[in-house]
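On a predicted model such as this, the values are computed, not experimentally measured, just so you know. Residue numbers count from 1 along this sequence.
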Amino acid sequence: MKFNTKTIHGGQKPEETTGSVMPPIFQTSTYAQSSPGTHKGFVYSRAANPTRTALEDNFASLENGTHGFAFSSGLSAIDCVLRLLNPGDEVITGDDLYGGTYRMFTKIFAKYGLKFQYVNMDSVENFANAISSATKLIWLETPTNPLMKIADIEEITKAVKAKNSHILVAVDNTFATPYLQQPLDLGADIVMHSATKYLGGHSDLVMGALMVKEEKLAKELHFIQFAAGAISGPMDSFLALRGIKTLHVRMQRHCENGKAVAEFLVNHNKVGEVYYPGFEDHPNHEIAKKQMKDFGGMVSFSLKDESTDAAFQFLENTKVFTLAESLGGVESLVSHPVTMTHASIPESERLKIGITDSLIRLSVGIEDIDDLLADLDQALNL
């Protein structure tokens, strides 16, 4: 089954009782048993719910995995992965991370004895050379939020597994989506999505996802999810399934519009640096070409006027782009990483990697491109 078909039919079948084409919303917490321990596969909705199961089967199909898990948020999905580890274990990750991930690493799990090492993702050797006997997990985010760096999933995984085959490699695939890249096929053990974003696609739910291929790992993750309880509800599961059915057509337009916006910005006299992996001079362009089908709808840029006032003037005056947290919806959003998504990262750390006061992140939606470009132009020229 090709990807465009999987978004609609992957892991799905008509509901058995009625033949309903869409999985019904099973808004129930518990299920009748004919005898103690004798049931129809569902006991309590924290363990499994038919609507959530339908979504999880679809999740697995999209990433060419065998098991999918739907969580109450993207961060709760990351939390589940980290609970595989023990005090004293080490995680090696990139130096450009979503602020919420960084906050979880440094403020939550570090105090329970996990160690975190941050390396420049541009070099595979940086990951291989950082490995120690304590290393148990490699956490990759690619493209990164907000600087659009690209990690070579396949080569990093090969290098890591050559040193220690038991080290897990997990990839945050939120920005790319399975439409653009499929990390399990590149050797990764775990794929994570904030399904709030492109998978849901309509800014109407909060959800996380994990996808895996290996049975033992799937059982461990399911136990943690069941025991900790960070599950998605049936209504959100239904909305995510509905959103995924148009993922492929939405991503085509996101990619087209993202490219046009990036090209507009790079030629604008008020704009400084533009961060977009589709440009040939992007330092990771060749890796992006190798592992991604296209370059996505996320674009970041800085202003030549590097003051906060200049950034705020732009952010307060867009009319089609909405100033808001999040990304990946059909509507175009604009955000200011320093005060919004990455506010939890200390200023010294932000500046070290290039997250400046004038950095602006765009989630380019699927509106008419002429309206998007006109909006950016008027806000830049105020």
Which donor-acceptor pairs under 3.5 Å do side chains of residues 370-379 form with protein atoms, sequence neighbours excluded?
residue: Asp375; atom: OD1; partner: Lys319; partner atom: N; Å: 2.7
residue: Asp375; atom: OD1; partner: Gln378; partner atom: NE2; Å: 2.9
residue: Asp375; atom: OD2; partner: Lys319; partner atom: N; Å: 3.2
residue: Asp375; atom: OD2; partner: Val320; partner atom: N; Å: 2.9
residue: Asp375; atom: OD2; partner: Phe321; partner atom: N; Å: 2.9
residue: Asp377; atom: OD1; partner: His268; partner atom: NE2; Å: 3.1
residue: Asp377; atom: OD1; partner: Asn381; partner atom: ND2; Å: 2.8
residue: Gln378; atom: NE2; partner: Asn317; partner atom: O; Å: 2.8
residue: Gln378; atom: NE2; partner: Asp375; partner atom: O; Å: 3.3

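Rounded to the nearest 0.5 Å, atoms CG (Asp95) and CG (Leu97) are 8.0 Å apart. Note: Asp152 CG to Gln291 CD = 5.5 Å, rounded to the nearest 0.5 Å. One distance of note links CG of Asn49 with OG1 of Thr28; it measures 8.0 Å at 0.5 Å rounding. For the atom pair OG of Ser73 and CE of Met207, the computed distance is 10.5 Å after rounding to the nearest 0.5 Å. Taking OG1 of Thr174 as the start and CE of Met192 as the end, the distance is 4.0 Å to the nearest 0.5 Å.
Within a 6.0 Å radius of CD in Glu331, more than 12 heavy atoms belonging to other residues, nucleotides or ligands are found. Environment of CD in Gln33: crowded, with over 12 heavy atoms of neighbouring residues, nucleotides or ligands closer than 6.0 Å. Atom CZ of Arg242 has 12 or fewer neighbouring heavy atoms from other residues, nucleotides or ligands inside a 6.0 Å radius. In this structure, Lys290 places its NZ atom where more than 12 heavy-atom neighbours from other residues, nucleotides or ligands lie under 6.0 Å away.
Formation of a donor-acceptor pair under 3.5 Å by the His202 side chain with backbone atoms of Asp204 is not found in this model. Using modelled atom types, one side-chain atom of Thr106 and one backbone atom of Tyr102 make a donor-acceptor pair closer than 3.5 Å. Here the side chain of Ser335 pairs no donor or acceptor atom with the backbone of Pro337 at under 3.5 angstrom. In this structure, Asp357 contributes its side chain and Thr308 its backbone to no donor-acceptor pair below 3.5 Å. Counting only distance, with no hydrogens or angles, the side chain of Glu15 and the backbone of Val21 share no donor-acceptor pair below 3.5 Å. Within the 3.5 Å criterion, the main-chain N or O of Pro277 finds a donor-acceptor partner in the side chain of His285.
The list of ring-ring contact (aromatic ring centres under 6.0 Å, His included) pairs with a residue in residues 63-83, not counting sequence neighbours, is empty.
Among Gln182, His193, Lys6, the one residue that satisfies the side chain to side chain donor-acceptor pair (under 3.5 Å) test with Glu63 is His193. The side-chain contact (heavy atoms from CB on, under 4.5 Å) with Val191 is formed by just one residue from the set Leu62, Ile153, Asn173; it is Asn173.
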Q | Criterion salt bridge (charged side-chain N to carboxylate O under 4.0 Å, His left out) on Arg350 and Asp96, from CA distance to verdict | A | CA-CA 9 Å; Arg350 291 198 306 261; Asp96 181 30; over 6 Å; no

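A cation-pi contact, defined as under 6.0 Å to the ring centre and within 45° of the axis, is absent between Arg250 and Tyr198.
Taking the six-membered ring where tryptophan is involved, the planes of Phe109 and Tyr112 are perpendicular, since the angle between them exceeds 60° and thus also 30°. Ring planes of Phe105 and Phe116: parallel class, angle under 30° (limits at 30 and 60°).
A ring-centre distance under 6.0 Å is found for Phe301 and Phe314.
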